[in-house]
Amino acid sequence: MSSSSPAPASVRTSVRIPLRFSDGFRVDAQVFTFDGLADGQEHVALGLGDYEHTNTPLVRLHSECLTGDVFGSARCDCGPQLRDAAEQISRVGGYLVYLRQEGRGIGLYNKLDAYALQDQGLNTYEANEALGLPSDGRDYTAAAQMLNTLGVRRIELLSNNPDKAKQLSAHGIEIERRVPTGVFVTPTNLRYLQAKVTVTGHQILLDGSGAPAFPAAAA
């Protein structure tokens with residue numbers, strides 16, 4: 001696959017923010033905002049741990065999920081993944097790239113409409129398509145711009161999603177290795193996690209019954 005760097009962006013603001021999670025975990029983040037991002041959205045990058053002196057930073061691209069990240073919805077695993085990513089990255093140094101891509105790019109209201117269709121039996125991808133929307137409309141050009149702007153060209157990618165690695169590689173970001181995220185199963189997100197595996201090839205470990213199982217902890 002040929003690769004090309006996206007158009008340059010620039011850092012707009014850099015500010016220190018202490019993060020405090022509901023379970024008591026605390027970490028200070030250096031938060032970067034940007035001008036010139038390809039999609040014009042207000043994405044941010046959070047530098048965690050000793051990110052400035054890490055040769056190959058650990059990076060997570062996390063798509064915004066108001067219901068999961070803020071309200072603790074158990075229909076998805078977004079909130080626990082965000083919390084886990086902050087701790088994993090802070091231990092080794094790297095960036096949490098928080099992308100304003102609610103509902104895999106379809107927006108909050110459409111995501112809630114899709115939830116209603118899921119309650120009728122469709123999976124998370126089928127529900128998007130039934131609304132005439134892409135099953136996954138996310139484009140990671142802006143994420144590559146942000147990393148390039150921060151001087152990051154080679155990373156360890158904290159993700160189970162092969163499309164994130166594919167798109168970043170296409171934009172010139174070298175993926176040294178992929179680090180699996182934790183799997184956070186609830187009775188209400190099991191079908192959601194299974195759909196990620198069967199539809200889009202997420203590399204979530206499965207046990208013999210076909211249910212997601214926790215992968216070995218990544219150092």
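- Residue Glu176 holds its CD atom at 12.0 Å from CG of Leu157, rounded to the nearest 0.5 Å.
- With sequence neighbours excluded, the residues satisfying side chain to side chain contact (heavy atoms under 4.5 Å, CB included) with Leu131 are Asp113, Ala114, Leu117, Leu133.
- In this structure, Arg153 CZ and Ile173 CD1 are separated by 6.5 Å, a value rounded to the nearest 0.5 Å.
- What you find for Ala127 and Gln118 is that their closest heavy atoms are CB-CG, 3.9 Å.
- Counted by atom type alone, Asn160 and Thr181 present one or more donor-acceptor pairs between their side chains at under 3.5 Å.
- Clustering ILVMFWY residues whenever any of their side-chain heavy atoms sit less than 4.5 angstrom apart, transitively, puts Val15 in the very cluster that holds Leu48.
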Exercise for review: Start with the C-alpha gap between Val11 and Thr149, add the side-chain angles, then the distance that decides, and say whether side chain to side chain contact (heavy atoms under 4.5 Å, CB included) holds.
Suggested key: CA-CA 7 Å; Val11 172; Thr149 300; 3.8 Å; yes
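- Put simply, the side chain of Leu168 reaches to within 4.5 Å of the side chain of Ile175, judged on heavy atoms.
- Checking side-chain atoms of Gln101 against main-chain N and O of Asp139 turns up a donor-acceptor pair under 3.5 Å.
- Across Val27 and Ser90, no two heavy atoms sit closer than the pair CG2-CB, 3.6 Å.
- Transitive grouping of hydrophobic side chains (ILVMFWY, heavy atoms separated by less than 4.5 Å) brings Val44 and Ile17 into a common cluster.
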Practice item. Test Glu42 against Thr33 for side chain to side chain contact (heavy atoms under 4.5 Å, CB included), laying out the working first. Key: CA-CA 7 Å; Glu42 293 185 332; Thr33 66; over 6 Å; no
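- Salt-bridge formation is detected for the pair Lys111/Glu102: a Lys NZ or Arg NE/NH1/NH2 atom is positioned less than 4.0 Å from an Asp or Glu carboxylate oxygen.
- Following chains of ILVMFWY side-chain contacts shorter than 4.5 Å, one can reach Val31 starting from Phe21, so the two form part of one hydrophobic cluster.
- Side chains of Leu99 and Tyr140 form a contact here, defined as non-hydrogen atoms less than 4.5 Å apart.
- No option in Arg100, His43, Gln41 other than Arg100 meets the side-chain hydrogen bond (donor to acceptor under 3.5 Å, both in side chains) test with Glu64.
- In plain terms, the two heavy atoms of Gln30 and Ser14 that are nearest each other are NE2-OG, 2.8 Å.
- Without hydrogens or angle criteria, Glu126 side chain to Asn123 main chain gives a donor-acceptor distance under 3.5 Å.
- Across every non-hydrogen atom of Gly94 and Ile89, the tightest pair is C-CG2, 3.4 Å.
- If you take CG on Leu58 and CD1 on Ile155, they are separated by 8.5 Å, rounding to the nearest 0.5 Å.
- In this structure, CG in Leu158 is found 8.0 Å from CD in Gln81, a value given to the nearest 0.5 Å.
- With sequence neighbours excluded, no residue forms a side chain to side chain contact (heavy atoms under 4.5 Å, CB included) with Ala116.
- Using a 30° and 60° split on the angle between ring planes, Phe32 and Tyr95 fall in the tilted class, from 30° to 60°.
- There is a side-chain donor-acceptor pair under 3.5 Å between Arg138 and Ser63.
- Remark: Met146 CE to Leu150 CG distance equals 7.5 Å, nearest 0.5 Å.
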Exercise for review: Give the intermediate values and the outcome of side chain to side chain contact (heavy atoms under 4.5 Å, CB included) for residues Val97 and Val59.
Suggested key: CA-CA 7 Å; Val97 179; Val59 172; 4.1 Å; yes
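- For Cys65 against Cys76, the heavy-atom pair with the smallest separation is SG-SG, 3.7 Å.
- Annotation for Arg154: atom CZ counts as buried by contact number, over 12 foreign heavy atoms lying within 6.0 Å.
- Side chain to side chain, His62 and Asp69 meet the donor-acceptor criterion of an N or O pair below 3.5 Å.
- Partners of Glu87 under the side chain to side chain contact (heavy atoms under 4.5 Å, CB included) rule, at least two apart in sequence or in another chain, are Phe25, Arg83, Arg91.
- Side-chain contact check for Arg178 versus Pro180: every heavy-atom pair is 4.5 Å or farther apart.
- The cationic atom of Arg60 (NZ for Lys, CZ for Arg) does not lie both less than 6.0 Å from the six-membered ring centre of Tyr98 and within 45° of the ring axis.
- Using modelled atom types and a 3.5 Å distance limit, the side chains of Ser159 and Asn161 yield no donor-acceptor pair.
- Closest non-hydrogen pair, Thr141 versus Ala38, comes out as CG2-CB, 3.9 Å.
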Practice item. Walk me through it: do Leu112 and Thr67 pass the test side chain to side chain contact (heavy atoms under 4.5 Å, CB included)? Key: CA-CA 9 Å; Leu112 295 176; Thr67 51; 4.2 Å; yes
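- With a 6.0 Å radius and a threshold of 12 heavy atoms from other residues, nucleotides or ligands, Arg26 has its CZ atom at or below the threshold.
- Atom CG of Asn128 is separated from atom CD1 of Ile106 by 3.5 Å, given to the nearest 0.5 angstrom.
- No continuous path of hydrophobic side-chain contacts links Leu61 to Leu66 [ILVMFWY only; heavy atoms under 4.5 Å].
- No donor-acceptor pair closer than 3.5 Å links the side chain of Gln145 to the backbone N or O of Leu37.
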